[in-house]
Structure formats: structure tokens, C-alpha cells
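So the structure is just underneath, and the comments pick up after that.
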Amino acid sequence: MDSFSALITDIGDLLAVYWKTYLTGMGSTLLLAVVATAIGCVIGLICGILNTIPYAPGDTSAKKFFLKLVRAVIRIYVEVFRGTPMVLQAVFIYYGVPYVTNNAMRFDSVWAAAILIVSINTGAYMAESVRGGIISIDPGQTEGAKAIGMNHFQTMTSVILPQAIRNIMPQIGNNFIINVKDTSVMFIITFTEFFAVHRNIVGLNYMYFPSATIEMIGYLAVTLTASFLLRWVERRMDGKSSYELVQTDNLTMAAGTYSHPDRGTPFDERSGEFGATGEERKRIKLGLKNRNGSARGER
Amino acid sequence: MSDAILEVRHLSKSFGKNEVLRDIDFDVHPGDVTSIIGASGSGKSTLLRCINLLETPTSGDVLFHGESVIGGKVNPNKYRAKVGMVFQSFNLFDNMSVLKNCVVGQMKVLKRSKEEAEANAMKYLERVGMAPYIKAKPRQISGGMKQRVAIARALAMDPEILLFDEPTSALDPEMVGEVLQVMRGLAADGMTMLVVTHEMAFARDVSANVVFMKDGVIWEQGEPARLFSAPERQETRDFLARFMER
Ligand SMILES: Nc1ncnc2c1ncn2[C@@H]1O[C@H](COP(=O)(O)OP(=O)(O)O)[C@@H](O)[C@H]1O
Ligand SMILES: [Mg+2]
């Protein structure tokens, strides 16, 4: 009990002096994670879309060659950035670019470098998620769109991507949370975020454990908030679980709200009639696959 | 010059070495219902998919108002907008409400305004009895309702011909009737339809022409009264006999 109250006192002392430093560090961590996750998602979307442009039998060989080239380039990008540690990528890019170009090209701001590195890294993971999200959508959706004359772009933007993005929302959230934590390796290029702040402070006063406790609580607070927000967004995207009947004339049946139990997880106890929908099962399967396969942050 | 809206000429389709359609030849005339019958695996779906260019035929031709649609002479998207398709598995857009399903193609493909598209969609949704459900998502309605929405979605594009690929085969028996009733109504109004179906009573009652397929080949075609009562080919007799037993 004594040690516990000592810890509280130490944390109080630390915060009294350094609260602004911790807060600034957390601000940098959050900003970097938000911006890099957003840019990473855009990169991932672009790669995922380019990756899934179908060949048609009538295509010219130039178009086929170009599509193959695009797929190969994306494949290499994904493998390289997924297959090497981000801390090394940071060193490689931040110190390597000026080295190779004889200082003709270098990063004037450590922010620019950090955002670039984390974005590229996130993009590599998101490219695979988006590709998986797109190919997991029932081909019937594409056929339905084609059958009414929609072109590839219209089919993608109106039908496939909205569903694919909904399905990969959990992975976008995952990537954000991983970025919150893993941007700590950016200390290697002197980027001062939440964890770097801790290193600096304990270097001065050796209060490792109290400061680490602050860090733990800080990271958890952010990641829990993120999880909560993500759930909320997902619910918003799913829309209401019930719909209203629209009365068109006096003869139609009484209007009312009809509720369908299409919520919750497929593992919830439910009557057989309303088992998990195919869509839900696919989403869960996709999530599990990515978790077991190539989830980020298994370091 | 034939008055046919759709002419299928010597159409063949192979998947690798597997020859699924061989020398298919028939016409669809405006205002007529043409039914295609045959055991599963005989190539009926592939034929419909070749007709609206979801598959590319290996050889042969498809003429729409006398003009070939094969080989890049016609923009496939523009052509498909005029040839509606209703699938066995509905293929409604899961991310959209019933109304949006019937509006999105009109706006994106036909460039109609939102008001115009919604008014047109409502016209057909009322016709299939789905107007009260415009706010529902596909996952919230029954199979029969989904198929009626799919029909309204196709109709809302104001197509010149509608293709149906076993529209009632994925439905629970008690929902088959509501979909067939809608289709009978369309036939009575003179909608040109090409219908793959196992509903022999429907084929007999509304078709102008019935096409019997087996192993990728048309064995026999003709007026339903004749084809059902006095089939010429042994294969047709066998198929019908097996069918009537059930
Ligand atoms: N994409 C495809 N690739 C290879 N074979 C196919 C493909 N689509 C259909 N087939 C084959 O073509 C044959 C006819 O299929 P289908 O047209 O679906 O028949 P039906 O609709 O009459 O049941 C089947 O043997 C099927 O296996
Ligand atoms: Mg079929």
C-alpha cells in the first residue's frame, strides 16, 4: 500500500512539472497517427482499386501489360513495407535519401518525414485489406450493377467500395491504434512524440516506473477512445436496424416500425431463423484471417 | 429484315475445353415472352449471360434490332441499360435502400435527375407492390420481396427487353406465386421477356415460344401448346416426363 501511495505521489510530482510536455507529446502522437492513418487509407484504397481492375478478354495487350505492371509494382511495395520493420524504414528513408542524393534531397521537417514513413507503412497494410475487402464482396453485386449498365468506376464507387469500406472498418481502426503505439519508433529520427517524451523525462530524473505508468494510462485512454468512436461510426454506417413502412394510400397495411434482429455478432445466441447473415459471416472471417495472417503490430 | 428485337445466331461458348453452348439460334420478337427450359447445367444461364455480354461468346452473334452487339461495335454499358436482367439470386445492392436500388442506375447511367428517377422508381415499385418498403434495406425483406424489387430495378431503366434467369428458383415455395404474378402482369402488358424457368405452368400460359435446351444445344422450340403436348424429340419428352413426376 505504501509503494502504491508513493507511486501516486511520484506521478503527481512528475505531472506537476511535466504535464505540458506529456500533453504535447500525446498531441504529436495523435496528430501523426490520425494524419498518417488517413493518408495510408487513401494509398490503400488507390492500390486496392488498381489491383482489382479486371481484364476483359477483348482488352488490348498494351492494357493487359499495363495492368500486370501495376499489380507487380503494388505487390513489391506491399511486400517490402510489410516485410521490414518501420523503425528501419524510418532510418532508411530519413538518412538514406540525403545520403544517396548527396543532400540534394532531404527532409527539412521531421514531421514531413514521420508522416511520409508512417503513411507509406499504413498504406502497405491497407492495400491488402482493401483488396481483400473488394474481393470478399459477392460477385453478384458487380453483376447487378453491370446488368443495369453501370461501368467499372460507377460500380466501384456506388456499390462495391461502400460495402468494402464498411467491411474493413475494423482494420482501419486496428491500423490507427497500431499507429498510435508504433509511432514511438520515430524517436530514431528525433521525432518527439508521447514515448520520446518519457525517454527524455526519465533521462533527467530516473523516475522510470511512475513515468511509464503515465504512459500506459495515456496510451490506453487514447486507444480506448478510438475503439469507442470506431464502434459508433460502424453503427452509423449500418443504419437503423428497423425500417418504416411508407403509407402510399389508405389501403396499405398500417404503417409501423419493423425491427429485424440483424445486429450483434454472429456468435450471439439467436434463434435459427435469424442466424448470422452471409455478409456478417464474411466480415468476421475476413477479420479473423487478417488477424491470424498478417496483422500489424505483432512485434 | 426481320422484326425481331433480339436474334441469336450460331452462338457458341466454351470455357477452356468445356463447350457449354453450341450453335444456339433463336429470335425474340417484340411483345413476346420466350421461355427457355432445360435441366440444370444445360447452359441456360450462360446463354442469358452471353446475350447481355456478362460473358463473351466464343463465336456466333447476337443482334439487337438487327445490329450486332458483339465485338465492340456497341458500347456494352449502353446496350445493357436497354436489356434488363433479373437474377436467380436477386443481386440487389446490399448497401442501398429499396428505393435507392431502383434510382441509382437511372441517375448514373441514364443521367436522369433525382426527382425524375425517384418518380419513375416509385411507379414500378408500386406496380410490384413494394412501395411501402422503399426505406428497407435488402437484408430486411424476404426473398420474394427482393425479387420484386429486382424486377422494379430492371423496369426503372425502361428497358426494351427483360431477361430473367430462374427468378423463382431461390425462393421458398410460398413466395413463388407473388413473383410469377408480377411477371404475368408484365407479360399481359406486352413487355418483351426472355425467361429461363422451371415453372412449366407459367411457360405454358404466357409464352409465345418455348425453347428446350440440353447439353448446350437447342433440341426443340415452338409454341407452348404444341411443345408441351406433342414434343417432337425424345429428349424433350424425357425432360418433360421427369419434370411432371415431381
Ligand atoms: N464461368 C464458368 N467457367 C467454367 N464453366 C462454367 C462457367 N459457367 C458455367 N460453366 C459450366 O457451364 C455449364 C452450364 O452452366 P449454366 O449455364 O449455369 O447452366 P444452367 O443455367 O442451365 O444450369 C455447366 O456445366 C457449368 O459448369
Ligand atoms: Mg442457371
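Below, chains carry the letters A, B, ... as their sequence lines are ordered, and counting in each starts from 1.
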Heavy atoms of A:Ala147 and B:Met85 approach each other most closely as CB-CB, 3.9 Å
The reported gap from CG in B:Asn77 to NE2 in A:His152 (rounded to nearest 0.5 angstrom) is 11.5 Å
Can you establish whether the number of heavy atoms outside A:Arg71 located under 6.0 Å from its atom CZ is more than 12? yes
Rounding to 0.5 Å, atoms CG (B:Asn91) and OG1 (A:Thr142) come to a distance of 9.0 Å
*asked:* Can you confirm whether the side chains of A:Gln141 and B:Asp94 place a donor and an acceptor under 3.5 Å from each other?
replied: yes
Worksheet item: Is there a donor-acceptor pair under 3.5 Å between the side chain of B:Asn95 and the backbone N or O of A:Ser158?
Response: yes
Greatest number of non-hydrogen atom pairs under 4.5 angstrom with chain B, of A:Pro162, A:Pro139, A:Gly144, falls to A:Gly144
Counting heavy-atom pairs under 4.5 Å with chain A, the top scorer among B:Met157, B:Gln106, B:Lys108 is B:Lys108
| query | Does the side chain of A:Tyr243 reach to within under 4.5 Å of the side chain of B:Ile141, using non-hydrogen atoms? | reply | yes
Cut-off 4.5 Å, heavy atoms of chain B, and the answer for A:Gln154 is side chain
Taking the side chain as C-beta and beyond, is there a heavy-atom pair between A:Ile148 and B:Phe93 under 4.5 Å? yes
**Report entry** Minimum side-chain heavy-atom gap A:Val159-B:Met96 below 4.5 Å
**Finding:** yes
d(A:Asp238 CG, B:Arg139 CZ) to nearest 0.5 Å is 6.0 Å
